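Labels below follow one simple rule: chain letters A, B, ... track the order of the sequence lines, proteins then strands, and each chain is numbered from 1. No experiment lies behind these values; they were computed from the predicted model shown.
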There are 2 protein chains.
Amino acid sequence: MRFEEQREPGPERRGSGPVPAAAPRRSDATRGAILAAARERFAADGYERATIRAIAREAHIDPSMVMRYYGSKEGLFAAVLDVDLRLPDPEALDRGDVGRVLVGHFLDLWEENEVLTAMLRVGVTNAAGAERMQGIFRDQLTPVARLACPDPEQAPARAALCASQLLGLGLTRYVLRLPPAVALHRDEIVAWLGPTVQRYLTAPHP
Amino acid sequence: MRFEEQREPGPERRGSGPVPAAAPRRSDATRGAILAAARERFAADGYERATIRAIAREAHIDPSMVMRYYGSKEGLFAAVLDVDLRLPDPEALDRGDVGRVLVGHFLDLWEENEVLTAMLRVGVTNAAGAERMQGIFRDQLTPVARLACPDPEQAPARAALCASQLLGLGLTRYVLRLPPAVALHRDEIVAWLGPTVQRYLTAPHP
DNA sequence: TCAGTTTGCCAACACTTGTTGGCCAACGCC
DNA sequence: GGCGTTGGCCAACAAGTGTTGGCAAACTGA
């Protein structure tokens with residue numbers, strides 16, 4: 001069930017000219033505030049415990065507004081989870097260094113905002129969330145694997161291996177917060193996990 | 001908040017002789033059924049969505065019985081999560097093969113029953129669950145690392161690295177069920193992840 | 001100025017949750 | 001047999017959930 005840009009029917013576009021970039025509305029600020037608050041609550045509490053009321057409170061608006069703008073809790077959640085991993089262009093990558101680059105990139109993603117934390121927290125308990133995660137990793141990580149690995153046919157498996165290590169890192173460090181995992185420095189993590197990912201992508205099938 | 005063996009005050013132990021192994025009760029079957037059902041529900045649904053009512057229904061008893069025997073939902077959950085990873089004795093391990101052995105052992109654990117799935121599903125959304133997971137991995141995995149790695153002082157960090165890969169495997173294969181991760185054969189997984197864990201444990205600090 | 005739309009809040013709904021207390025039947029010991 | 005103990009169910013509670021409809025204020029375009 002994909003969430004469609006669901007607005008009240010706005011005024012018809014007038015004139016021709018360039019598309020007016022979806023005429024901004026007074027409520028866009030509220031929409032944004034809801035989305036930000038939702039991301040935060042979902043990341044901190046998971047799907048069930050992140051209540052619409054709590055999200056609304058954090059966004060300083062009434063719970064009913066959340067419903068009006070996003071249709072339902074599921075709709076809001078779908079809007080939050082429009083994740084773009086922004087993986088580097090595989091064509092432009094140095095084949096010998098993909099592993100370290102990917103690990104570094106994922107560390108940046110996890111620390112940039114809570115969207116990955118939210119995705120993982122929800123994906124683990126919510127079927128729709130898990131499906132969404134499947135899609136994200138299939139569509140965004142597999143192409144990288146396809147260009148980096150010796151046999152394109154093995155790309156999905158190799159991407160899954162990478163996902164297991166990269167998600168495992170996020171899980172232990174940012175979700176469960178195992179103290180030794182939190183204490184590791186960025187450079188150490190890249191040095192330890194980089195070669196692992198590199199091997200999963202480029203080494204010959206064992 | 002540790003869950004204490006909480007029974008109604010039973011009859012005093014009579015006679016001396018060997019400890020009578022906590023005189024069995026008629027209700028032990030029910031207790032067991034509740035525990036099994038709880039493990040199943042927690043594993044399938046996570047903490048919030050695994051309702052006491054659903055657990056009771058699955059155990060074919062009344063919800064109030066769950067409360068009487070386990071005090072509260074938290075108490076039941078604590079009883080479910082008494083996890084023993086049964087890691088092999090590190091003394092007796094072949095130093096050159098720890099990685100493969102550990103990976104194989106964890107695969108067995110995940111497939112043996114749903115207790116690890118339950119632990120992960122709950123640990124991700126529930127603070128008490130996360131703490132419990134921290135304890136389990138700290139107390140059970142770190143000792144193995146201490147004996148396998150060159151510098152015992154690095155044991156916690158190396159154990160965390162192993163945990164990241166081992167939990168990542170469980171996450172992608174058994175919780176999120178990413179299709180390519182599910183499709184991998186046991187031997188392939190051991191062949192791919194074994195060397196990784198081996199390196200995290202025994203390789204010199206990079 | 002004034003009608004129509006947009007933005008927001010309030011109060012309520014139907015429902016589910018964990019939890020409690022009371023009641024009844026079956027058991028086990030004298 | 002009789003009687004206390006145990007095992008079990010039923011009905012209810014207070015609290016919290018997602019969701020809805022109506023109504024007032026603010027804005028917008030003519």
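Atom P of nucleotide C/dT17 and atom OH of B/Tyr47 are separated by 14 Å, given to the nearest angstrom. Here the C1' atom of nucleotide C/dC9 and the CZ atom of A/Arg68 are 10 Å apart, to the nearest Å. One interatomic measurement links the two molecules: CD of A/Glu74 to C1' of D/dT19, which rounds to 14 Å at whole-angstrom precision. Residue B/Met65 contributes atom CE, which lies 12 Å from atom P of D/dC10 at whole-angstrom precision. Distance B/Met67 CE to C/dG22 C1': 16 Å, rounded to the nearest Å. Between B/Ile34 atom CD1 and D/dG7 atom C1' the separation is 11 Å, expressed in whole Å.
Side-chain contact check for A/Arg49 versus B/Thr125: every heavy-atom pair is 4.5 Å or farther apart.
The environment of CD in A/Glu112 is crowded: more than 12 heavy-atom neighbours from other residues, nucleotides or ligands sit within 6.0 Å.
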For residues 166-177 of chain A, run the donor-acceptor check on the side chains, cut-off 3.5 Å, and write out each pair with its distance to 0.1 Å, sequence neighbours left out.
residue: A/Thr172; atom: OG1; partner: A/Gly168; partner atom: O; Å: 2.9
residue: A/Thr172; atom: OG1; partner: A/Leu169; partner atom: O; Å: 3.2
residue: A/Arg173; atom: NH1; partner: A/Ala181; partner atom: O; Å: 2.9
residue: A/Arg173; atom: NH1; partner: A/Val182; partner atom: O; Å: 3.4
residue: A/Arg173; atom: NH1; partner: A/Leu184; partner atom: O; Å: 2.9
residue: A/Tyr174; atom: OH; partner: A/Glu111; partner atom: OE2; Å: 2.6

Residues 58-67 of chain A side chain polar contacts: donor-acceptor under 3.5 Å, at least two apart:
residue: A/Glu58; atom: OE1; partner: A/Arg41; partner atom: NH1; Å: 3.4
residue: A/Asp62; atom: OD2; partner: A/Ser64; partner atom: N; Å: 2.9
residue: A/Asp62; atom: OD2; partner: A/Ser64; partner atom: OG; Å: 2.6

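Using a 30° and 60° split on the angle between ring planes, B/Tyr47 and B/Phe77 fall in the perpendicular class, above 60°.
Not one side-chain nitrogen or oxygen of A/Ser72 sits closer than 4.0 Å to the OP1 or OP2 atom of D/dG18.
Taking A/Ala145 as the reference, A/Ala155, A/Ala159, A/Leu201 meet the side chain to side chain contact (heavy atoms under 4.5 Å, CB included) condition, with sequence neighbours excluded.
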For this session: Using the side-chain hydrogen bond (donor to acceptor under 3.5 Å, both in side chains) rule, take A/Arg158 and A/Gln154 through it: C-alpha gap first, then chi angles, then the decisive distance, then the call.
Result: CA-CA 6 Å; A/Arg158 288 170 182 267; A/Gln154 298 171 4; 2.8 Å; yes
For this session: Scan nucleotides 11-17 of chain D nucleotide by nucleotide, 5' to 3', and note B when protein non-hydrogen atoms come under 4.0 Å of the base, S if they reach only the sugar-phosphate, - if neither.
Result: -B----B
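Annotated stems with DNA chain C as a participant read C:1-30 with D:1-30, given as range with range, by first number; only runs of 3 or more Watson-Crick or G-U pairs under 3.5 Å qualify.
The salt bridge (charged side-chain N to carboxylate O under 4.0 Å, His left out) pairs that include a residue from residues 183-200 of chain B are B/Asp108-B/Arg186, where partners are two or more places apart or lie in different chains.
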